[in-house]
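Below, read A as the first sequence line, B as the second, and so on, with proteins coming before strands; counting in each chain starts at 1.
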Protein chains: 2
Amino acid sequence: MTHQAILMSYNLLKENIKNNIQISTEDLDTICNHFNPTVIKKKDFLLTQGSIYKYEGFVLEGCFRIFTIDKKGNENTLYFATKDWWLMDIDSFMNQVPSSLNIQALEDSKVLLIDRTDKLKLYESVPAVEKLFRVMSQKALVAWQRRLIRNHTHTAKERYHYFANTYPNIVSKITDKQIASYLGITHEFLSKIKKQS
Amino acid sequence: MTHQAILMSYNLLKENIKNNIQISTEDLDTICNHFNPTVIKKKDFLLTQGSIYKYEGFVLEGCFRIFTIDKKGNENTLYFATKDWWLMDIDSFMNQVPSSLNIQALEDSKVLLIDRTDKLKLYESVPAVEKLFRVMSQKALVAWQRRLIRNHTHTAKERYHYFANTYPNIVSKITDKQIASYLGITHEFLSKIKKQS
DNA sequence: TTATTAAGTTGAACTTGTTCAACTATTTTC
DNA sequence: GAAAATAGTTGAACAAGTTCAACTTAATAA
């Protein structure tokens, strides 16, 4: 990446943080200094099920899929992450237990990564970081609660259209099979849904 | 409540907090001083849909149901809260927007309540509070992700047995209709499931 | 204690979504 | 650019879950 591109990357991260909390320029710089730009090629994994997560990431460019594979071999997609989204496996990262998640790039992607020990240090040295992740986690929590309710109250067809309307930029980057695994239905059935409408 | 009972209540809260983070006795006392013991009678609401949430609560005794009612009039249960659980509507509490949730006591219950402005002050004065709620939110987030995956990978029958085995003390306090609204199925179907097994 | 309301049961017809299998179209790889 | 792998489509039979309606049982209130 050029020097210019790297500066732009950090600006994206800074805007994201400022969107969550009020923070001083100094703190913002300290935080950003711990993130390193990294390129991840299409199909490569930032994390694989069974291994221990050592980095947290912020997506600059590209697209990722966060999913698990169950005993029957079925893939289950938790979410997709594009520009301006965070990549985390909180459980594995915090408790250093083997992850139950895979994080895979769906196209050539750029991320800012922070090392686990660096992040733990940041929690100590910059109190705003606690607040940042408290606020982010709480927002995410609300979103997950809403998604579960949506799953209970809407048919697969309705959920598909909701997803396609809400995240058109993501839909254009992923396969129908991946959408189906996000919606919790078979890809055959998604195909039939799309034909209907 | 007797003086003795009140002391015991605060000990339960303190244990809960210490279970989440390392914290000094002073901070722990400061936090607890902002919580007030309150009695809520069976069927009474701590929060109703459309109103703005002003308190956060910690359950000492009894049982609560947190649910929404959708346009069709169907009830959808997010979760049940018994002793040692927290009662929150993060969205309404943080952003002071009308709540989409109801929090109702299913039996005569006791809670420790903290006022919104008091909690905001606590975030400022006791940094450990940021950490406490960051850690709590992250744990909750992981639990919600797992629940969604479970919903996608298991049948209603399997989910019912998982719930009944994991929370036997809750199951004994609630009706099958409420369980069904938690599982995202009709109470008629739950009745058929129970007959089978 | 009775009257009333709410909870739970059951069956039949229906809708939603799955499974399996065979096929076509599209990407990827060498 | 051909071969191989993966993604998407379609149909038929099936399983999971819903709806409605009628009924029984249990809880609640006057």
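Judged as a side-chain hydrogen bond (donor to acceptor under 3.5 Å, both in side chains), and not counting sequence neighbours, B:N33 has no contacts. By the salt bridge (charged side-chain N to carboxylate O under 4.0 Å, His left out) test, B:K177 is found to be paired with no residue, residues two or more places apart in sequence or in another chain being considered. Contacts of B:D29 classified as side-chain hydrogen bond (donor to acceptor under 3.5 Å, both in side chains), with partners at least two apart in sequence or in another chain: B:K14. Taking the side-chain hydrogen bond (donor to acceptor under 3.5 Å, both in side chains) definition, one finds that A:T175 meets it with A:Q178, sequence neighbours left out. With sequence neighbours excluded, the residues that form a salt bridge (charged side-chain N to carboxylate O under 4.0 Å, His left out) with B:K194 are B:D176. Shown here are the side chain to side chain contact (heavy atoms under 4.5 Å, CB included) partners of A:Y162, two or more places apart in sequence or in another chain: A:R150, A:T166. Remark: B:K157 pairs with no residue by the salt bridge (charged side-chain N to carboxylate O under 4.0 Å, His left out) rule, at least two apart or across chains.
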Output one line per pair: protein atom, nucleotide atom from nucleotides 23-26 of chain C, and distance, for all N/O pairs under 3.5 Å.
none

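Remark: A:R147 qualifies as a cation-pi partner of A:Y182 under the 6.0 Å distance and 45° angle criteria applied to the six-membered ring. Both tests pass for B:K119 against the ring of B:F133: distance under 6.0 Å to the centre and angle within 45° of the axis.
The bend of the helix from C:dT1-D:dA30 to C:dC30-D:dG1, defined by the angle between the axes of its first five and last five pairs, stands at 60° to the nearest 10°.
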(request) Quick one, give me the B/S/- string for nucleotides 11-29 of chain D, reading 5' to 3', where B means a protein heavy atom under 4.0 Å from the base and S means that only happens at the primed atoms, P, OP1 or OP2. (result) BB----BBBB-------S-
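With respect to A:E130 and B:K131, a salt bridge is recorded, a charged nitrogen being found less than 4.0 Å from a carboxylate O. For B:K121 and B:E124, the salt-bridge test fails: no basic side-chain N is under 4.0 Å from an acidic carboxylate O.
Of all the residues in residues 160-179 of chain A, A:T175, A:D176, A:K177 reach under 4.0 Å from DNA chain D with at least one non-hydrogen atom.
As rounded to whole Å, 10 Å separates atom C1' of D:dG8 from atom CG of A:L190. When rounded to the nearest whole Å, the span between CG of A:N151 and C1' of C:dG17 equals 14 Å. A straight line from NE2 of A:H187 to C1' of D:dT6 spans 10 Å, rounded to a whole angstrom.
Taking each heavy atom of B:S181 and B:R65 in turn, the nearest pair found is OG-NH1, 3.6 Å.
Residue pairs meeting the side-chain hydrogen bond (donor to acceptor under 3.5 Å, both in side chains) criterion with at least one member in residues 80-94 of chain B, sequence neighbours excluded, are A:R146-B:D91, B:N16-B:D84, B:N16-B:W86, B:D89-B:S99, B:D91-B:N95.
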